[in-house]
Amino acid sequence: MKHELTPLPYEYNALEPYIDEQTMRIHHDKHHQTYVDKLNAALEPYAGLQKVPIETLLQSLNTIPEQSRNAVRNHGGGVLNHNQFWNIMKKDVPITHKMTEVINHAFGSFDVFKKQFTDASLNRFGSGWAWLVVSNGKLEIVSTANQDTPWSEGKHPILMIDIWEHAYYLKYQNKRAEYVENFFKVINWEEVERLYLEAVKK
Ligand code: MN
């Protein structure tokens, strides 16, 4: 069974003007598709692993034969991270009461949370992601390089931003800070809350 590219949950222009249509087309149809294709290629020799959910593969990278481990880590991460990323974006979704409450509890205020998440995004050198995760029942901000995911460290991502240049360069060029600022206008807080509730239930 091959992994397939999940369709975007909205139109390519749904996040305009903050994330432009052309970026979404290239990001989803080309970059995300390439991660899917390369993950399938990496799993080609292992019929048994092809059925394993990507989260599980990334939580147990040691079980992947060594010659394919890096490819699964990079491309499996690329597939999973983008699947989650599309889902946690939507325009005009105000933050929910529940998420306001848990963010205030963890960080003191929304502004402190936003500053820390922004710093994690801006301080990640090169390509990677910044994340809000649930770790042992608590909220935590982390960043990862390349397509590495906090899943591999047993953490449960609930909000993430792609800070590879392919995610913003066409519209924002070198202005990563402006991209991160505008990302806050397209967070689907209802989905973030759903992921949070799922994470704390475990
Ligand atoms: Mn990307």
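Both counts, for ligands and for their atoms, begin at 1 and track the order of listing.
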**Report entry** Residue pairs passing the ring-ring contact (aromatic ring centres under 6.0 Å, His included) test where at least one lies in residues 34-62, sequence neighbours excluded
**Finding:** Tyr35-His82
Query - Lys2/Glu44 ion pair, N-O < 4.0 Å - result: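 The answer is yes: the pair qualifies as a salt bridge.
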Query raised in the report: Is any NZ, NE, NH1 or NH2 atom of the basic residue among Glu181 and Lys114 found under 4.0 Å from an Asp or Glu carboxylate oxygen of the other?
Result: yes
Query raised in the report: By side chain to side chain donor-acceptor pair (under 3.5 Å), which residues pair with Lys91, not counting sequence neighbours?
Result: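 Result, side chain to side chain donor-acceptor pair (under 3.5 Å) vs Lys91: none returned.
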Query - Around the Mn ion (ligand 1), number of protein N/O/S atoms which are nearer than 2.8 Å - result: 4
Show me the donor-acceptor pairs within less than 3.5 Å that the side chains of residues 126-141 make with the rest of the protein, sequence neighbours left out.
| residue | atom | partner | partner atom | Å |
| --- | --- | --- | --- | --- |
| Trp129 | NE1 | Gln147 | OE1 | 2.7 |
| Trp131 | NE1 | Thr144 | OG1 | 2.9 |
| Glu140 | OE2 | Lys155 | NZ | 2.7 |

**Report entry** Ring geometry between Phe85 and His27 (parallel below 30°, tilted from 30 to 60°, perpendicular above 60°)
**Finding:**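 Tilted, since the angle between the ring planes falls between 30° and 60°.
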